[in-house]
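Okay, so here's the structure we're looking at.
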Number of protein chains: 2
Amino acid sequence: MTESPESHTATVGERCARGDRGLVRAFSVLGKRWSGLVIGTLMNGPSGFRELSRAVGGVSDSVLSDRLSELCELGLATRRVEPGPPISVTYELTEAGYGLAPALQEIATWSDKFLVDD
Amino acid sequence: MTESPESHTATVGERCARGDRGLVRAFSVLGKRWSGLVIGTLMNGPSGFRELSRAVGGVSDSVLSDRLSELCELGLATRRVEPGPPISVTYELTEAGYGLAPALQEIATWSDKFLVDD
DNA sequence: GCTAGCTGCTTCGGAAATACTAGCGGCCTC
DNA sequence: GAGGCCGCTAGTATTTCCGAAGCAGCTAGC
């Protein structure tokens with residue numbers, strides 16, 4: 001397949017049409033406030049709740065707790081408890097979670113190019 | 001730069017760390033309910049309000065109207081009015097809007113691979 | 001031992017966002 | 001004229017997000 005602009009556009013268009021179900025599912029996750037940033041932050045490696053809260057910045061505890069629960073339920077992240085003392089909790093992305101890396105990379109690239117600085 | 005798995009992982013990690021500002025900006029758009037799907041649907045080409053509403057499916061008029069306004073204000077989409085009769089309104093992505101295609105493609109690929117069917 | 005501070009949550013009440021739906025004016029068809 | 005389409009808007013109801021207080025567990029310093 002040649003890499004002409006037209007065929008690339010058509011491929012994108014067909015892909016999005018066939019990927020509608022996929023996009024619906026994906027944005028049921030990514031379209032919730034903070035989820036994308038939580039996942040993006042966990043790309044840097046496993047993290048505790050408070051560490052994650054500080055790294056994300058600006059997310060309330062209750063929402064962060066909800067989002068992490070959802071991500072774990074969806075199999076995108078795991079929650080590991082070290083019984084201690086001191087007790088500690090660590091959140092880490094799963095393979096599925098890390099699978100979002102290419103998309104997040106593309107999003108960051110797009111953002112740097114097209115979104116204005118606030 | 002070699003393409004070894006380690007350097008790829010490090011590149012992703014560094015990229016996300018350096019892209020945090022970018023991700024924050026991006027998810028201020030994509031992290032809102034329906035915006036991702038609206039953009040994804042407009043990838044198929046220009047569309048009227050009702051046509052878009054039906055294609056996206058499940059979004060309320062008032063929220064769709066809000067989202068489209070926001071996308072236009074951000075320069076991701078344009079709203080064109082044909083004075084008619086009959087009067088018609090068409091929404092279309094800008095170059096910046098279409099610039100999200102690679103990311104949406106990656107998201108759809110990821111979703112197909114890792115998210116469970118409902 | 002007490003206090004202060006960290007941890008990871010949970011709970012509660014309120015603010016903000018979203019959903020729902022009726023309605024408007026413009027237009028077309030029967 | 002009635003009914004239906006269009007693109008919204010406005011008002012109300014519901015859901016989501018938020019902020020902050022609080023809990024239990026733990027540590028460090030006095």
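None of the values given here were measured: they were computed from a predicted structure. First the proteins, then the strands, lettered A, B, ... as listed; each starts at 1.
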May I ask you to say what B:Arg54 touches in the nucleic acid, namely base, sugar-phosphate or nothing, with a heavy-atom cut-off under 4.0 Å? sugar-phosphate
Remember a base hit wins even if backbone is also touched, and classify B:Gly84 as base, sugar-phosphate or nothing at under 4.0 Å, heavy atoms. nothing
State which of D:dT27, C:dC9, D:dG7 makes the closest approach to the side chain of A:Asp61. C:dC9
Using the side-chain contact (heavy atoms from CB on, under 4.5 Å) criterion, which residues pair with A:Phe114? Sequence neighbours excluded. A:Trp110, B:Glu95, B:Ala96
Short N-O contact, A:Asp112 and B:Arg25, less than 4.0 angstrom: yes
Ignoring backbone atoms, establish whether B:Trp34 has a side-chain N or O less than 4.0 Å from OP1 or OP2 of C:dA19. yes
Are A:Lys32 and A:Glu70 within salt-bridge range, i.e. N to O under 4.0 Å? yes
I want to check one thing: is the phosphate of C:dC9, taken as OP1 and OP2, less than 4.0 Å away from some side-chain N or O of A:Arg67? no
Please determine if a side-chain N or O atom of A:Arg79 lies less than 4.0 Å away from the OP1 or OP2 oxygen of C:dG8. no
Can you tell me the distance, in whole Å, between the CZ atom of A:Phe49 and the C1' atom of C:dT7? 10 Å
Could you tell me which residues satisfy side-chain hydrogen bond (donor to acceptor under 3.5 Å, both in side chains) with B:Asp61, sequence neighbours excluded, listed by chain and number? B:Arg50
Do any side-chain nitrogens or oxygens of A:Arg50 fall under 4.0 Å of OP1 or OP2 in C:dC9? no
Base C:dC20 paired with B:Ser62 side chain (donor-acceptor, <3.5 Å): yes
Atom pair distance, as rounded to whole Å: CD in B:Glu82 and C1' in D:dC8: 18 Å
Once you round it to whole Å, what is the distance between P of C:dC9 and CD of A:Glu70? 14 Å
